Colleague: 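Following this message is one structure expressed as structure tokens.
Only this structure's heavy atoms are used, side chains among them; waters, hydrogens and symmetry mates stay out. We count ligands from 1, going down the list as the structure has it; atoms in each ligand are counted the same way. Just so you know, these numbers come straight off a predicted model, no measurement behind them.
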Amino acid sequence: MSWTLYTFAMSHYSEKIRWTLDLSRIDYREVRMTPVFHIGPALIMGKRGQTTLPILKTPTATIQDSSRILLWLEKNQAPLALIPKVASQDIHAVERHFDAIGKDVARFLYAASFGTGDAHILKLWTDDATPAKAAFVRAAYPFIRWAFKRKLNITQKGAARAQKRITEVIDWLEGQLSDGRTYLVGQTFTAADITAASLLAPIACPSQHPVYGDPAYQRTMVGATEPWRDRPALQWVRKMYELHRGVIQTEACARRAA
Ligand SMILES: N[C@@H](CCC(=O)N[C@@H](CS)C(=O)NCC(=O)O)C(=O)O
């Protein structure tokens with residue numbers, strides 16, 4: 001197995017690629033990184049002056065950014081069932097809608113949980129850390145939180161704007177689904193559905209997701225997710241996870257263990 005996917009366990013952009021690789025039955029090793037300690041490796045591997053994950057490393061290329069990774073897979077793993085050629089443009093158009101609110105989702109949820117949910121955030125940030133890294137993140141938490149707030153513009157105003165933009169995209173999704181369709185592009189499950197479901201998963205909290213399905217996460221976010229929890233769009237996200245994630249995830253884990 002010579003592909004490696006660098007992720008954060010709780011990252012919705014990482015989930016988009018993890019799900020795509022799992023469903024495409026591509027073998028890879030997942031390296032779950034610890035915030036702060038990801039910065040150096042991401043800068044070096046990405047070579048774009050960016051510190052974001054996911055990053056996919058293959059024997060022939062290292063690609064940073066989930067939409068660039070999808071484009072690379074489309075070109076280099078063709079034919080990719082999740083991006084049929086005839087539907088490619090429509091799929092990427094849907095992808096852009098949801099990628100655009102990824103940071104708003106993080107901004108809004110952190111704004112609501114910093115202060116009251118710090119214990120759980122610390123747990124999420126240290127779950128995949130070595131003891132020494134975990135001790136560092138715990139000790140530096142007040143500073144990391146401050147830096148994070150600045151970087152993501154986590155202010156009351158920023159959170160209010162994020163809430164508005166998330167609501168607009170949820171409205172848009174419900175508009176798309178209002179004719180009774182199951183999938184966003186064509187008659188089959190595609191990368192458009194994966195992107196929409198992954199990016200909204202931190203709000204929808206599907207039980208199949210290892211982080212957002214955790215009752216402790218759901219308790220921490222209960223106030224923040226409340227405005228949208230029962231909306232049809234969020235029910236659709238949970239349905240996509242039920243239909244297309246649980247089994248695939250179990251299969252991928254079994255493949256990796258074999
Ligand atoms: N446009 C990027 C956004 C990825 C992104 O924002 N990732 C977040 C985690 S969800 C991240 O790595 N944050 C840490 C950082 O920016 O250093 C993509 O599609 O991959």
Side-chain angles (χ1 to χ4, degrees), residues 4-21 28 30-58 61-74 82-83 91-114 121-122 124-129 133 136-137 140-141 143-154 158 162 165-166 169 191-205 209-212 217 221 224:
T4 307
L5 181 66
Y6 295 86
T7 67
F8 293 125
M10 75 267 186
S11 151
H12 42 0
Y13 289 103
S14 299
E15 167 73 349
K16 172 181 159 189
I17 299 304
R18 213 166 26 211
W19 193 347
T20 301
L21 295 179
Y28 67 99
E30 182 179 1
V31 174
R32 295 183 170 191
M33 306 201 82
T34 301
V36 180
F37 293 93
H38 75 288
I39 294 174
L43 284 171
I44 293 168
M45 285 190 286
K47 294 195 181 75
R48 303 166 62 237
Q50 304 284 329
T51 58
T52 59
L53 302 179
I55 293 177
L56 178 67
K57 200 167 176 186
T58 78
T62 299
I63 316 107
Q64 182 177 41
D65 188 289
S66 65
S67 50
R68 295 175 77 243
I69 295 172
L70 281 194
L71 286 172
W72 186 89
L73 289 171
E74 194 179 353
L82 284 170
I83 311 183
I91 290 169
H92 291 299
V94 171
E95 189 197 359
R96 281 192 289 277
H97 264 284
F98 291 93
D99 280 352
I101 56 152
K103 287 212 186 332
D104 284 320
V105 170
R107 184 173 294 124
F108 184 77
L109 294 180
Y110 277 117
S113 52
F114 274 148
I121 295 172
L122 245 176
L124 292 179
W125 285 4
T126 53
D127 263 352
D128 299 299
K133 285 181 180 173
F136 174 86
V137 172
Y141 182 72
F143 173 74
I144 301 172
R145 189 178 67 177
W146 171 83
F148 203 78
K149 276 181 163 176
R150 275 182 67 100
K151 185 173 179 204
L152 259 187
N153 183 27
I154 299 178
R165 283 194 290 249
I166 295 166
V169 170
D193 305 300
I194 287 189
T195 305
S198 301
L199 273 288
L200 290 175
I203 298 172
C205 300
H209 193 288
V211 172
Y212 317 134
Y217 170 88
M221 297 301 172

Colleague: Quick one: does Q64's side chain get under 4.5 Å of T52's, heavy atoms only?
Modeller: yes
Colleague: Indicate the atoms forming the closest heavy-atom contact of L200 with I101, along with that distance.
Modeller: CD2-CD1, 3.9 Å
Colleague: Which protein non-hydrogen atom lies closest to atom 16 (O) of ligand 1, naming both residue and atom, and how far is it?
Modeller: K151 NZ, 2.6 Å
Colleague: Quick one: look up the protein heavy atom nearest atom 13 (N) of ligand 1 and list residue, atom name and how far away it is.
Modeller: F8 CE1, 4.0 Å
Colleague: For atom 8 (C) of ligand 1, grab the closest protein heavy atom and report residue, atom and distance to one decimal in Å.
Modeller: L53 O, 3.9 Å
Colleague: Over all heavy atoms of both residues, which pair between E15 and S198 is shortest? Give the atoms and the distance, please.
Modeller: CG-OG, 3.7 Å
Colleague: Do F114 and I121 make a side-chain contact, defined as non-hydrogen atoms from C-beta onward lying under 4.5 Å apart?
Modeller: yes
Colleague: Answer with yes or no whether K103 contacts ligand 1, where contact means a heavy atom under 4.0 Å from a ligand atom.
Modeller: yes
Colleague: Tell me whether the centres of the aromatic rings in W125 and F8 are closer together than 6.0 Å.
Modeller: no
Colleague: Testing the basics here: between S11 and Y212, what is the closest heavy-atom pair and its distance to 0.1 Å?
Modeller: C-OH, 3.8 Å
Colleague: Of the protein's non-hydrogen atoms, which lies at the shortest distance from atom 1 (N) of ligand 1, and what is that distance?
Modeller: D65 OD2, 2.9 Å
Colleague: Out of S14, S67, S11, who gets a non-hydrogen atom closest to atom 10 (S) of ligand 1?
Modeller: S11
Colleague: Just to check, does D99 reach to within less than 4.0 Å of ligand 1 when the distance is taken from its heavy atoms?
Modeller: no
Colleague: Please could you name the atoms of ligand 1 that H12 approaches to less than 4.0 Å, counting only its heavy atoms?
Modeller: 10 (S)
Colleague: Looking at atom 5 (C) of ligand 1, what's its closest protein heavy atom, distance included?
Modeller: Y13 CD1, 3.5 Å
Colleague: Under 4.5 Å between any side-chain heavy atoms of W72 and T58, yes or no?
Modeller: yes
Colleague: In terms of atom number and element, which parts of ligand 1 are under 4.0 angstrom from non-hydrogen atoms of P54?
Modeller: 20 (O)
Colleague: If we only count heavy atoms from C-beta on, is the P54 to Y13 side-chain gap below 4.5 Å?
Modeller: yes
Colleague: What residue and atom, counting heavy atoms only, is the protein's closest point to atom 17 (O) of ligand 1, and at what distance?
Modeller: T51 OG1, 2.5 Å
Colleague: Going by distance alone, is a donor N or O of one side chain under 3.5 Å from an acceptor N or O of the other, for E30 and T7?
Modeller: yes
Colleague: Does G102 reach ligand 1, in the sense of a heavy atom lying below 4.0 Å from it?
Modeller: no
Colleague: If the cut-off is 4.0 Å to any non-hydrogen atom of H38, which atoms of ligand 1 fall inside it?
Modeller: 14 (C), 15 (C), 17 (O)
Colleague: Output yes when K16 and D99 qualify as a salt bridge under the 4.0 Å nitrogen-oxygen rule, no when they do not.
Modeller: yes
Colleague: Of the choices G46, S66, A42, which has the non-hydrogen atom that lies closest to atom 20 (O) of ligand 1?
Modeller: S66
Colleague: Strictly under 4.0 Å, does any heavy atom of Q64 approach an atom of ligand 1?
Modeller: no
